[in-house]
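The structure under discussion appears below in the form of structure tokens.
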2 protein chains.
Amino acid sequence: MMNPTFKSLLNLLKSKGIRLSHHRLKVLEYLTKNFSHPTVEQIYIALHEESPTLSKTTVYNTLNLLVEIGLVRVINIEDNETRYDITIKNHGHFKCESCGKIYDFGIDLDSSPIEELKSFKINYKDVYFKGICPSCLSNIDKTKLKTEE
Amino acid sequence: MMNPTFKSLLNLLKSKGIRLSHHRLKVLEYLTKNFSHPTVEQIYIALHEESPTLSKTTVYNTLNLLVEIGLVRVINIEDNETRYDITIKNHGHFKCESCGKIYDFGIDLDSSPIEELKSFKINYKDVYFKGICPSCLSNIDKTKLKTEE
DNA sequence: TTGCCATATTGTAATGATTACAATTAAATT
DNA sequence: AATTTAATTGTAATCATTACAATATGGCAA
């Protein structure tokens, strides 16, 4: 039931000389199966059930490692809520201010480079939007029809 | 020596029924004069010198208030480092991974709306880039010429 | 397969940013 | 100037994250 990208991820880890420990594989596997931009807490709770010896520190350590080698990106769209995302392709993040869910959307920031930054070395790009998602919009509209200008 | 936008900000506060207290004015004035995307700590330290009775809680309260009414935006480009920005115009943020400085750059996300999000209500947009700024680049290049792929 | 060594993991304690809250003070209106 | 309402203060609580030393484990060599 392995995600096709999972193997290639393992190879990348090996090539970097990173030990494929049980917990690391679990965290990585979780990220390849859950595109829900989970928090450390969510990952920890989910994996702790099947691997009761897993500590939260290890989740932090593993995620930090994966971010360092570029396999995982950090989503800091909101305070006190660091989220993680294994997707690599060009996309932005929309956070619903009502239900809290984070949606991916495609956006290409590379096609028209920013003139102002031509002498900057850009290693990382992200786009964050906030607002109300369609599902919450339909709920709100039916009751109040209030606009939050 | 008042910044031209300062008065209009005050009017906006009044129109919202927000009391123009001494500390609030100080924080607002600081933000209109310092476009350096300061942290709470930086604002507190700077203002505490001239207003020793200012508490850090008040800085937090004031900033949260200004964010709520839309006068200030939060920059969460990095963990543990919430920054504040009074600029309203369309722009993104570049953070130098070497010196830590945050640069503004112009970017227009409104001219080509994201098709995927047409049924979303978008209240807020931001673009975060990370990398190395020209000043740090020239320092690094002279010594190592190493590329961080 | 077994043993060894380097590294990963654990768990607790420390840190640091942010918030809660009750007492005090100040702003604005009469 | 008095009054009322809201802002401010300062301490303590909370929460996410990290530091660190002790322990356990992965992967290589024999």
Side-chain angles (χ1 to χ4, degrees), chain A residues 9-30 37-69 71-84 100, chain B residues 9-30 37-69 71-84 100:
Chain A
L9 294 180
L10 296 191
N11 287 334
L12 179 55
L13 291 184
K14 272 188 201 157
S15 75
K16 299 242 182 190
I18 291 168
R19 211 174 264 183
L20 304 181
S21 71
H22 181 68
H23 292 328
R24 282 184 182 159
L25 294 182
K26 283 291 178 187
V27 170
L28 200 51
E29 186 190 26
Y30 182 88
H37 315 89
T39 62
V40 166
E41 191 70 18
Q42 289 170 331
I43 298 170
Y44 172 71
I45 288 175
L47 296 183
H48 188 77
E49 291 201 1
E50 35 177 318
S51 309
T53 67
L54 174 70
S55 78
K56 201 180 281 187
T57 305
T58 293
V59 179
Y60 275 106
N61 288 339
T62 302
L63 288 172
N64 287 340
L65 176 74
L66 295 176
V67 169
E68 261 176 45
I69 64 176
L71 273 190
V72 168
R73 73 160 46 181
V74 175
I75 304 177
N76 273 325
I77 196 169
E78 204 86 61
D79 273 358
N80 289 342
E81 191 187 74
T82 303
R83 293 174 172 276
Y84 296 88
Chain B
L9 294 180
L10 296 190
N11 287 333
L12 178 56
L13 291 184
K14 272 188 202 157
S15 74
K16 299 242 181 189
I18 291 168
R19 211 174 264 182
L20 303 181
S21 71
H22 182 67
H23 290 330
R24 281 184 182 159
L25 294 183
K26 282 292 177 187
V27 170
L28 200 52
E29 187 190 25
Y30 183 88
H37 315 88
T39 62
V40 167
E41 189 71 19
Q42 289 171 330
I43 298 171
Y44 172 71
I45 288 175
L47 296 183
H48 187 77
E49 291 201 2
E50 35 177 317
S51 309
T53 67
L54 174 71
S55 78
K56 201 181 279 187
T57 305
T58 293
V59 179
Y60 275 106
N61 288 340
T62 302
L63 288 172
N64 286 340
L65 175 75
L66 296 176
V67 169
E68 263 176 43
I69 65 175
L71 273 191
V72 168
R73 73 160 46 181
V74 175
I75 304 177
N76 273 324
I77 195 169
E78 204 85 61
D79 274 358
N80 288 343
E81 190 187 74
T82 303
R83 292 174 173 275
Y84 297 86

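In what follows, chains carry the letters A, B, and so on, assigned in the order in which the sequence lines appear, proteins first and then strands, with residues in each chain numbered from 1.
- Summarising the geometry, the separation between OH on B:Tyr44 and P on C:dG16 is reported as 16 Å, rounded to the nearest angstrom.
- When the nearest nucleotides of DNA chain C are assigned to B:Glu41 and B:Thr57 by heavy-atom distance, the more 5′-ward of the two goes with B:Glu41.
- Just one of A:Asn80, A:Asp79, A:Thr82, A:Asn76 meets the side chain to side chain donor-acceptor pair (under 3.5 Å) condition when paired with B:Asn76; it is A:Asp79.
- A straight line from CD of B:Glu81 to P of C:dG16 spans 14 Å, rounded to a whole angstrom.
- The phosphate of D:dA7 (OP1 or OP2) has no side-chain N or O of B:Thr58 nearer than 4.0 angstrom.
- Between A:Leu47 and A:Val59, the closest side-chain pair of non-hydrogen atoms is not below 4.5 Å.
- Nearest-nucleotide positions on DNA chain D place B:Gly17 closer to the 5' end than the other of B:Gly17 and A:Ile18.
- The side chain of B:Thr82 places no N or O atom within less than 4.0 Å of a non-bridging phosphate oxygen (OP1 or OP2) of C:dA17.
- Here C:dT7 presents its C1' atom at 13 Å from CG of A:Leu20, a figure rounded to the nearest Å.
- Residue A:Arg24 has a polar side-chain atom (N or O) positioned under 4.0 Å from OP1 or OP2 of C:dT9.
- When the C1' atom of D:dA6 is taken as reference, atom CZ of B:Arg19 falls 4 Å away, rounded to whole Å.
- Per the geometry, CG belonging to A:Leu63 stands 12 Å off C1' belonging to D:dT17, to the nearest Å.
- One can place CG of B:Leu65 at 16 Å from C1' of C:dT19, the figure rounded to the nearest angstrom.
- Contact annotation: B:Asn64 reaches the phosphate of C:dT19 (side-chain N/O to OP1 or OP2, under 4.0 Å).
- Map B:Asn61 and B:Lys56 each onto its nearest nucleotide of DNA chain C; the residue landing nearer the 5' end is B:Lys56.
- Here B:His23 does not reach the OP1 or OP2 of C:dA26: none of its side-chain N or O atoms lies under 4.0 Å away.
- Place B:Asn80 and B:Ser21 on DNA chain D by their nearest nucleotides, and B:Ser21 ends up nearer the 5' end.
- As rounded to whole Å, 17 Å separates atom P of C:dT7 from atom NZ of A:Lys16.
- Taking the side chain of A:Leu54 as heavy atoms from C-beta on, and the options C:dA26, C:dT10, D:dT17, the nearest nucleotide is C:dT10.
- Between A:Tyr84 and A:Val74, the closest side-chain pair of non-hydrogen atoms falls below 4.5 Å.
- Of the possible polar contacts, one joining the B:Arg83 side chain to the B:His37 backbone as a donor-acceptor pair under 3.5 Å is found.
- Straight-line distance from the OH atom of A:Tyr60 to the P atom of C:dT12: 16 Å, rounded to whole Å.
- Side-chain atoms of B:Glu49 never come within 3.5 Å of backbone atoms of B:Ala46 as a donor-acceptor pair (strictly under, hydrogens ignored).
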